[in-house]
Amino acid sequence: MTLTPLVYWAQRHEDVYLRVELTDAQNIDVHVHENMLHFTALGHGAKGQNQYEFSLEFLLPVKTEVAHKSTQRQVNVSVRKQQRGWWERLTKQERKPLFLAPDFDRWLDESDAEMEIRKNEERRNKLKDAQHDEEGFISLKTAFLFTYNLVQFLGFSWIFFNMTFRLLRFGRDSFYDTFHTISDIMFFCQILAAVEVLNAAFGIVRTGVIPTLIQVVGRNFILFIIFGSLEEMQNKSVVFFVFYLWSAIEIFRYPFYMLGCFNTEWKILTWLRYSLWIPLYPLGVIAEAVAVIQSIPIFDETRLFSIPLPKTIGLSLSFSYVLRVYIILMFLGLVINFRHLYKQRKKRFRTKKRKAH
């Protein structure tokens, strides 16, 4: 003998909702064929734990796609009407099946349903208005980010191509006056780079604050402390390699961000942005470490930035000790940033592969 569960129904202009009274239902099979809904499931109903089933022939055509969700107390089924409208009853047969009853928890008259539609439309309109206001903000943010990245791109491009031209023209001699010819623009670009830390901190761009802070602070330490404060370091060839490696990375990174402001992408630029750092970033850190090592004897000799100790001791704490610790921190920062950039690269190209498939 077929066991039939209790079924409660309600409707809206576009959907029919069924609530099947089965507890902990399993093996649920519900589908629509020729406008007839068929339901079978194993669960605990009015006759205890058994197999229950029922069929309903709808008053008007419905779509074959059926959505259902099982909870501990019931099975909720929704069916989309073929045409939008209000039905006078659920089934084609005028006499209502004994197991079927109105779901008063969800029941609405046609006028109430119309009121619900109007409320939903008002809610959607409010969301659209809010989205429109947000788009205005996004446009302002986009203009700011594009301008920032453009300025940085132009600055680092000038550095890179100026250094390249001087290298081709003067050869190795160009190494030794790099600081005096390039430093003004490099100072400007690296001071401006502090904006990237603020962008990350305030959520203007979605990136990690710590990796960004490590890169900006690390570069500015080398530029202002090692090169800027020691005239003896400004004529060394290491300045050329540090500046050249920094600019070689940035002339591809900033145009990538510029295009990203407008959801535009050049595949070759994307590959370069996520690949060139693999050789260039470690080389840059090695060049910075060489600069720090070369500066240690100079700081020892000049006692610049040394910390005086009490007169009873008669000594001072040399800044070179700070630099020795800083070298260790540099390579720890390299590991952190390398891991961060590797995750970005892996995520970027994994996403592109999924889209391709």
Side-chain angles (χ1 to χ4, degrees), residues 149 152 156 159-160 186 189-230 233 236-257 260 269-297 299 305 317-353:
N149 290 309
Q152 289 288 65
F156 280 106
I159 293 171
F160 181 82
M186 184 62 80
C189 290
Q190 283 306 128
I191 291 173
L192 191 60
V195 173
E196 296 182 32
V197 180
L198 298 177
N199 288 342
F202 291 106
I204 297 175
V205 296
R206 295 181 180 180
T207 189
V209 178
I210 299 302
T212 305
L213 184 65
I214 290 174
Q215 176 169 309
V216 173
V217 172
R219 284 189 180 183
N220 284 341
F221 182 87
I222 298 297
L223 180 61
F224 288 93
I225 303 299
I226 304 300
F227 295 152
S229 64
L230 296 177
M233 289 296 301
K236 292 185 178 293
S237 60
V238 70
V239 178
F240 174 89
F241 294 101
V242 170
F243 284 8
Y244 204 70
L245 289 167
W246 286 357
S247 59
I249 293 174
E250 306 302 16
I251 61 173
F252 296 105
R253 188 167 72 97
Y254 285 114
F256 172 80
Y257 292 149
L269 183 61
T270 299
W271 186 87
L272 289 170
R273 184 266 179 270
Y274 285 102
S275 302
L276 275 182
W277 63 266
I278 297 175
L280 295 183
Y281 191 74
L283 288 174
V285 173
I286 291 172
E288 293 171 21
V290 170
V292 173
I293 292 171
Q294 290 181 352
S295 71
I296 288 176
F299 279 108
F305 301 136
L317 183 62
S318 176
F319 186 67
S320 63
Y321 294 113
V322 176
L323 296 180
R324 290 180 173 90
V325 174
Y326 180 74
I327 291 174
I328 299 173
L329 296 177
M330 282 177 61
F331 287 96
L332 289 176
L334 171 63
V335 172
I336 294 172
N337 271 7
F338 206 92
R339 183 181 178 186
H340 171 71
L341 292 169
Y342 176 75
K343 286 182 177 180
Q344 281 189 330
R345 186 180 194 276
K346 187 176 180 181
K347 180 180 179 181
R348 181 75 182 191
F349 289 117
R350 183 174 63 238
T351 303
K352 288 175 70 64
K353 284 182 180 179

* Asked: Would the number of heavy atoms belonging to other residues, nucleotides or ligands and lying under 6.0 Å from OH of Tyr342 be above 12?
  -> no
* Asked: Given the rule in the ring pair (Phe, Tyr, Trp, His ring centres under 6.0 Å) test, do Phe349 and Trp271 qualify, once you have shown the distances and angles that lead to the verdict?
  -> CA-CA 9 Å; Phe349 289 117; Trp271 186 87; 8.0 Å; no
* To do: Tell me yes or no: between the side chains of Trp246 and Glu288, is some donor less than 3.5 Å from an acceptor?
  => yes
Can you tell me how far [atom2] of [Y] sits from [atom1] of [X], rounded to the nearest 0.5 angstrom?
{"X": "Phe252", "Y": "Leu276", "atom1": "CZ", "atom2": "CG", "value": "5.5 Å"}
{"X": "Tyr281", "Y": "Gln215", "atom1": "OH", "atom2": "CD", "value": "5.5 Å"}
{"X": "Ile214", "Y": "His340", "atom1": "CD1", "atom2": "NE2", "value": "9.5 Å"}
{"X": "Leu329", "Y": "Phe221", "atom1": "CG", "atom2": "CZ", "value": "9.5 Å"}
{"X": "Gln294", "Y": "Ile226", "atom1": "CD", "atom2": "CD1", "value": "10.5 Å"}
{"X": "Glu250", "Y": "Asn149", "atom1": "CD", "atom2": "CG", "value": "10.0 Å"}

* Asked: What do you reckon, are the aromatic ring centroids of Tyr274 and Phe256 less than 6.0 Å apart?
  -> yes
* To do: Could you tell me whether Phe160 and Tyr244 have their ring centroids closer than 6.0 angstrom?
  => yes
* **Side-chain donor/acceptor of Arg273 to backbone N/O of Arg253, under 3.5 Å** => no
* Mark yes or no for whether Ser275, through its side chain, and Leu272, through its backbone, hold a donor-acceptor pair below 3.5 Å. => no
* Test the Arg324-Tyr321 pair against the cation-pi criterion, namely NZ or CZ under 6.0 angstrom from the six-membered ring centroid and within 45° of the ring axis. => yes
Close side-chain approach of [X] and [Y], heavy atoms under 4.5 Å:
{"X": "Arg348", "Y": "Thr270", "answer": "yes"}
{"X": "Ile249", "Y": "Leu245", "answer": "no"}
{"X": "Ser318", "Y": "Phe305", "answer": "no"}

* Structure fact -> Contacts of Tyr326 meeting side-chain hydrogen bond (donor to acceptor under 3.5 Å, both in side chains) (sequence neighbours excluded), chain-then-number -> none
* **Heavy-atom pair of closest approach, residues Leu334 and Pro282** => CD1-CA, 4.2 Å
* Structure fact -> Closest non-hydrogen contact found for Pro297 with Ile293 is CD-O, 3.4 Å
* To do: Could you tell me how the ring of Phe156 sits relative to the ring of Tyr254: parallel (under 30°), tilted (30 to 60°) or perpendicular (over 60°)?
  => parallel
* **Test side-chain contact (heavy atoms from CB on, under 4.5 Å) applied to Val197 - qualifying residues, sequence neighbours left out** => Thr212, Leu213, Val216
